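A short write-up of the structure that comes next.
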Amino acid sequence: MKVIVVGAGVVGTMHAWHAVERGHEVVHIEREAEARGASLRNFGQIWVSGRAGGEELDTALRARDLWEGIGARVPGLGFRAIGSLTPVRNDLELAVAEAALARPDAAARGYKLLTADEARAVNPALRGEFEAALWCERDAAVEPRLAQLALREALVATGKYTFLPDREVRDVVGRGAVRDDRGETHTGDAVVLCTGAWLSGLVREVAGEIPVRRVRLQMMQTEPLGEPLTTSVADADSFRYYPAYASPALDALNAGQAQDPTGAAHKMQLLMVQRLDGGLTIGDTHEYEHPFAFDTLEDPYEHLTRVVESFLGRPLPKIRRRWAGVYAQCVDTSRVVHRQRVADDVWLVTGPGGRGMTCSPAIAETTANELGW
Ligand SMILES: Cc1cc2nc3c(=O)[nH]c(=O)nc-3n(C[C@H](O)[C@H](O)[C@H](O)COP(=O)(O)OP(=O)(O)OC[C@H]3O[C@@H](n4cnc5c(N)ncnc54)[C@H](O)[C@@H]3O)c2cc1C
């Protein structure tokens, strides 16, 4: 079989990976010289902890295993099974962590409640004030700026994979066939459009208005911390956003403890992961209303800096980079992905939302299974 994959973010790259794994030839077409979308702008968190029970958690756990296996074969993507800690500071926050531990799927996530001293034994950089921490053993991380490149290098080495950058696919022109903006037609046994958050142009023409929305986030990265941050770190505001934490205890937290006004205004939580160079990737905000801002705002960064410094008990290193990214999310957020047949032998796969980096290996595996690759 020959598979045409359009879009070289993580979703497209993982489709290429599974197709090649199953012995097929892949032509991978990307509009940019290198992918520059959500897949490079994210935290690289392989995030199991907050997933909704059921299909979403199953997908994340399967994907996490796939990442680990692929990471062993492609060390350049930087897979680390580092787990995560969510420090809590008072009884209201602690009760949400305890409710999470009482979930029937808590063991599958590797949840454990640690005292502050136990948390510091796991992650000594957390010298700030907190009472306890929710540990999620299954959380992991990869290097988003390197992963696609490392995967591609491994794919090229198979001899079954061709990367065609700097070509925008403009049309579906027949069974399993697309045309790019150089006028060339690419025909395969299957075409998978993994075009991320670009919902206009090609996608609107072939699929119409799909039940997927765009979400914009602000991020930053520091100079090296100068010491290891051995786990990912989240704050209790993340309880407010991730479905796994829905509980009467969360209702009590929302009712009894107002979110910081800047955090609330920008729908923020703290997520933080250390890069291989020692810098910290820190975020995030959530913007849903269009038109999106074209600039980044300082208030959210100042808020995140305060939260991080309070956990680390020390000043943050200088900020080296600030950026924003946009992902595509199914409007029905309980759906893991939007997978739609848009023409004979042509499929659109988009909308994995804020879990696309985590879930992409399993999403692509499902596509491969469903299409009988
Ligand atoms: C700031 C931020 C932080 C995030 N953090 C995490 C995280 O830590 N963990 C997690 O699981 N998820 C995270 N996510 C979500 C995750 O990054 C996305 O769900 C995922 O990267 C989507 O991958 P994609 O391949 O669909 O899209 P993209 O990475 O955007 O790739 C789509 C590609 O398609 C190309 N393309 C589009 N149209 C065409 C065309 N017509 N022809 C050719 N090429 C085309 C684009 O140029 C682009 O390279 C985050 C997202 C953001 C924005």
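Since the model is a prediction, treat every value here as computed from it, not as a measurement. Read the numbers this way: they start at 1 and go in the same order the structure lists the ligands and their atoms. Because only heavy atoms are used, hydrogens play no part in the values below, and waters and symmetry mates are left out as well, while side chains stay in.
Looking from atom 9 (N) of ligand 1 to the surrounding protein, the closest heavy atom is Q45 O, 2.8 Å. Closest to atom 26 (O) of ligand 1, if we only count protein heavy atoms, is V11 CG2, 3.4 Å. Nearest protein heavy-atom contact of atom 34 (O) of ligand 1 is G7 CA, 3.3 Å. Shortest contact from atom 19 (O) of ligand 1 to any protein heavy atom: G353 O, 2.7 Å. In this structure, atom 44 (N) of ligand 1 lies nearest to the protein heavy atom R31 N, 3.1 Å. Shortest contact from atom 21 (O) of ligand 1 to any protein heavy atom: S39 OG, 2.9 Å. In terms of protein heavy-atom proximity, atom 16 (C) of ligand 1 is closest to M357 N, 3.6 Å. Among all protein heavy atoms, the one lying closest to atom 31 (O) of ligand 1 is G9 CA, 3.4 Å.
Heavy-atom proximity to atom 17 (O) of ligand 1, evaluated over N42, V178, V5, D166, is greatest for N42. Looking at G325, P352, G283, G201 and measuring to atom 53 (C) of ligand 1, the nearest heavy atom belongs to G325. Here atom 40 (C) of ligand 1 lies nearest to V169 when heavy atoms of V142, D180, V169 are compared. Comparing heavy-atom distances from atom 49 (O) of ligand 1 across E30, H15, M14, R41 singles out E30 as nearest. With atom 36 (N) of ligand 1 as the reference point, the heavy atom nearest to it among T358, T195, V349 is part of T195.
Here is the list of ligand 1 atoms found below 4.0 Å of a heavy atom in G44: 8 (O). The contact set between ligand 1 and M219, taken as ligand atoms under 4.0 Å from a residue heavy atom, comprises 1 (C). Of all atoms in ligand 1, listed by their number and element, those nearer than 4.0 Å to a heavy atom of G196 are 26 (O), 27 (O), 32 (C). Near R355, meaning under 4.0 Å from any of its heavy atoms, are these atoms of ligand 1: 10 (C), 11 (O), 12 (N). Of all atoms in ligand 1, numbered sequentially from 1 with element shown, those under 4.0 Å from a heavy atom of G37 are 29 (O), 30 (O). If you number the atoms of ligand 1 from 1 as listed, the ones under 4.0 Å from a heavy atom of A35 come out as 49 (O). Residue C194 has at least one heavy-atom neighbour below 4.0 Å for each of these atoms of ligand 1: 32 (C), 33 (C), 34 (O). Atoms of ligand 1 found under 4.0 Å from any heavy atom of E32, numbered from 1 in the order shown, are 47 (O).
Close placement of the H290 and F292 rings is indicated, their centers lying within 6.0 Å of each other.
Taken to the nearest 0.5 Å, the NE2 atom of H18 stands 11.5 Å off from the OG1 atom of T13.
In this structure, V10 is part of the shell of residues with a heavy atom less than 4.0 angstrom from ligand 1.
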Open item on the list: Using salt bridge (Lys or Arg N to Asp or Glu O under 4.0 Å), reason through R152 and E34 one step at a time and then give a plain yes or no.
Closed with: CA-CA 11 Å; R152 192 195 313 149; E34 287 289 353; 2.5 Å; yes
Open item on the list: For H28 and E30: C-alpha separation, side-chain torsions, deciding distance, then whether side-chain hydrogen bond (donor to acceptor under 3.5 Å, both in side chains) applies.
Closed with: CA-CA 7 Å; H28 198 179; E30 165 58 43; over 6 Å; no
- [ ] Step by step, work out the side-chain hydrogen bond (donor to acceptor under 3.5 Å, both in side chains) result for H266 and D299.
- [x] CA-CA 9 Å; H266 299 282; D299 285 0; 5.4 Å; no
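Judged by distance alone, the side chain of R182 and the main-chain N or O of D166 form a donor-acceptor pair under 3.5 Å. R31 places no side-chain N or O within 3.5 Å of a backbone atom of A8 that could act as its donor or acceptor partner.
Taking the six-membered ring where the residue is Trp, Y241 and H286 present tilted rings, their angle falling between 30° and 60°.
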